Amino acid sequence: MSQEFDVVVIGGGPAGYVAAIRASQLGLKTACCESEAYADPKGEPRLGGTCLNVGCIPSKALLHSSELYDQATHSFVMHGIKADNVTIDVPSMIKRKDNIVTQLVTGIKGLFKKYKVTFIPGHGSFVANADGKWQVKIGEEIVTATHVIVATGSHARHLPGIPVDQQLVVDNIGALNISGVPKRLGVIGAGVIGLEMSSVWKRLGSEVTILEAMPDFLAAADANVAKEAWKIFTSKQGLNIQMGVQIKEVTPKKKSVVIKYENDDGDQTLEVDKLIVAVGRVPNTAGLNAEAVGLALDERGRIAVDHHCATNLPNVWAVGDVVPGPMLAHKGMEEGVMVAERIAGQGTTLNHDTIPWVIYTHPEIAWVGKTEQELKAGNVPYKQGQIPFLANGRALGQGDTTGFVKVLAHAETDQILGVHIIGTNASELIAEAVVTMEFAGAAEDLARTCHAHPTLSEAMHEAALAVDKRSLHF
């Protein structure tokens with residue numbers, strides 16, 4: 001007899017496993033399935049999706065390891081610390097990364113057990129709707145559910161004519177498992193993944209060339225932040241970033257890859273030891289049997305949903321990378337919580353305007369809300385306050401004063417419209433801006449809030465004061 005559930009979640013990534021846990025917490029009989037996309041050494045499916053297995057978590061582990069190496073070889077000396085003959089053991093660095101992933105994957109299994117979520121290994125797809133219930137095929141089993149949450153995530157986008165073998169030519173998966181420091185590294189794509197992976201291997205000694213099709217660097221970020229980042233990455237850190245590139249041909253050889261491309265200077269040729277392809281991600285909707293049940297997709301292959309992540313089908317929801325919006329793990333998690341609570345009868349909503357963005361380079365880049373160029377384009381009256389970390393005592397003490405905090409507020413109401421940070425710990429500092437904006441706070445609210453001294457967060461305080469042209473330390 002088929003197992004019956006109140007909720008079946010298809011996909012065990014951040015959006016899926018969080019939705020399953022929250023639904024079960026609310027008393028709903030819940031199951032979550034996951035395919036063998038990220039199988040463990042025994043061939044068993046691993047929960048956590050791209051983020052945990054081959055994305056957010058392992059990349060941050062490598063970024064931190066490479067940053068420590070860079071500090072030891074370049075920054076310790078200013079603190080009076082002498083470290084001679086520093087070397088990097090890449091296999092040990094990779095092993096540490098893998099251990100962190102395994103620990104967290106095991107933790108999700110423990111959470112499923114704690115909250116009584118049934119884990120069913122296998123690929124999930126729709127079969128039919130019968131008597132108001134959804135039949136879902138998981139592996140060779142068919143289960144029945146009142147509600148279905150699709151959280152199948154996304155996969156790396158590849159370019160036509162460029163075979164990704166995860167050896168010479170790699171995507172995000174292979175980029176996390178390079179066994180040694182390549183002397184010459186090529187990266188196609190100057191987005192988040194491209195910049196983060198470039199940072200890892202550049203710090204460890206690679207000569208890095210980034211080829212980007214778009215004419216503007218970090219076009220989604222605030223223009224001031226993008227300008228500062230460009231200066232730091234190219235002039236200070238030595239990344240060779242080329243914009244407006246058109247890839248013509250990629251030819252893998254025995255131990256290298258040859259890339260032929262065109263830019264403003266004409267035809268170019270680049271030979272590298274490894275090539276990372278980081279040109280975005282594609283939603284995982286193939287294999288859902290969407291057409292058979294009439295599940296609507298948009299022109300980009302994403303599942304069409306309303307503001308509450310409801311699809312065109314009754315009691316079918318979709319969350320995370322598989323729906324429109326930024327492909328961010330934390331966005332998917334919050335959507336998963338919202339959907340689980342709405343299924344349970346609560347009126348939960350999610351403010352997509354206060355979802356933070358982070359790029360974990362060094363310095364980190366983080367922002368929330370509108371950029372200055374967006375406000376100008378929308379004819380929104382605004383005022384701004386910008387404070388460099390050079391004026392921050394804690395930043396000076398830590399030996400890194402790179403970057404600034406920029407606060408944008410409405411010229412008439414003073415409500416904060418956007419906050420943009422480039423600097424150390426920007427990923428943590430941005431949370432203060434998110435909370436303030438979630439409560440429709442004003443720059444004055446931040447300016448009147450006491451911040452501990454000395455802390456990096458004082459730069460946020462000073463930037464809010466600067467909106468009213470009354471900063472105290474700059």
Side-chain angles (χ1 to χ4, degrees), residues 50-51 54-60 62-63 66 153-160 162 164 169-176 178 185-203 206 208-223 225-234 237 239-247 250 259 261 263 270 272 274-283 300-302 320-321 324-332 355-368 371 373-374 420-422 426-427 430:
T50 294
C51 173
V54 293
C56 317
I57 300 301
S59 65
K60 304 312 165 281
L62 295 186
L63 281 159
S66 67
S154 63
H155 62 274
R157 176 173 171 254
H158 293 171
L159 294 173
I162 303 179
V164 174
V169 182
V170 303
D171 56 19
N172 63 291
I173 297 175
L176 295 167
I178 296 175
L185 176 66
V187 180
I188 300 178
V192 175
I193 296 173
L195 288 173
E196 290 183 357
M197 289 298 93
S198 296
S199 296
V200 169
W201 299 108
K202 176 61 180 177
R203 291 172 194 156
S206 291
V208 180
T209 302
I210 303 176
L211 306 176
E212 169 59 48
M214 299 299 290
D216 299 318
F217 181 65
L218 288 181
D222 186 87
V225 169
K227 182 179 179 180
E228 181 73 4
W230 174 269
K231 180 176 65 177
I232 294 168
F233 295 155
T234 58
Q237 297 182 6
L239 289 174
N240 179 7
I241 307 175
Q242 300 187 31
M243 306 301 296
V245 168
Q246 183 180 357
I247 303 295
V250 173
I259 306 107
Y261 64 96
N263 61 15
L270 173 69
V272 296
K274 297 281 186 182
L275 176 64
I276 299 175
V277 179
V279 290
R281 301 188 63 80
V282 179
R300 294 173 59 181
R302 302 170 299 189
D321 285 6
M327 289 182 171
L328 301 170
H330 46 280
K331 173 254 196 188
I355 294 172
W357 290 73
V358 180
I359 303 175
Y360 294 87
T361 47
H362 185 82
E364 292 182 343
I365 298 169
W367 72 89
V368 61
T371 64
Q373 56 264 36
E374 286 175 327
H420 306 270
I421 309 172
I422 177 168
S427 60
I430 199 64

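All figures in this text were calculated on a predicted structure; none of them were measured in a lab.
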Between [atom1] of [X] and [atom2] of [Y], what distance do you get to the nearest 0.5 Å?
| X | Y | atom1 | atom2 | value |
| --- | --- | --- | --- | --- |
| Ile421 | Trp367 | CD1 | CH2 | 12.0 Å |
| Leu195 | Ile359 | CG | CD1 | 6.0 Å |
| Thr50 | Ile173 | OG1 | CD1 | 7.0 Å |
| Ser154 | Met327 | OG | CE | 4.5 Å |
| Ile188 | Asp171 | CD1 | CG | 12.0 Å |
| Leu63 | Tyr360 | CG | OH | 10.0 Å |

Does Lys227 form a side-chain contact (heavy atoms from CB on, under 4.5 Å) with Phe217? I'd like the steps, not just the answer.
CA-CA 8 Å; Lys227 182 179 179 180; Phe217 181 65; over 6 Å; no
Look only at the side chain of [X] and the backbone of [Y], and say whether a donor-acceptor pair between them is shorter than 3.5 Å.
| X | Y | answer |
| --- | --- | --- |
| Asn172 | Val54 | yes |
| Arg157 | Val279 | yes |
| Gln237 | Lys202 | no |
| Ser206 | Val208 | no |

I'd like to know if the side chain of Thr371 pairs up with that of Asp222 as donor and acceptor (distance under 3.5 Å, no hydrogens or angles considered).
no
For the residue pair [X] and [Y], establish whether any side-chain heavy-atom pair is separated by less than 4.5 Å.
| X | Y | answer |
| --- | --- | --- |
| Glu364 | Ile422 | no |
| Leu211 | Ile247 | yes |
| Ile210 | Asn240 | no |
| Ile232 | His362 | no |
| Leu185 | Ile276 | yes |
| Val368 | Trp357 | no |
| Pro356 | Ile430 | yes |
| Val277 | Ile162 | yes |

Which heavy atom of [X] sits nearest a heavy atom of [Y], and at what distance?
| X | Y | result |
| --- | --- | --- |
| Ala175 | Met197 | CB-SD, 3.8 Å |
| Ile241 | Phe233 | CD1-CB, 4.1 Å |
| Lys331 | Gly320 | NZ-O, 3.2 Å |
| Ala190 | Leu218 | O-CD2, 4.2 Å |
| Arg300 | Pro283 | O-CG, 3.8 Å |
| Met243 | Met214 | CE-O, 3.1 Å |

Between Thr209 and Val187, is a side-chain contact (heavy atoms from CB on, under 4.5 Å) present by the stated rule, with each step listed?
CA-CA 6 Å; Thr209 302; Val187 180; over 6 Å; no
Hits for side-chain contact (heavy atoms from CB on, under 4.5 Å) against Ser66, two or more places apart or cross-chain, chain-then-number order -> Val200, Arg203, Leu204
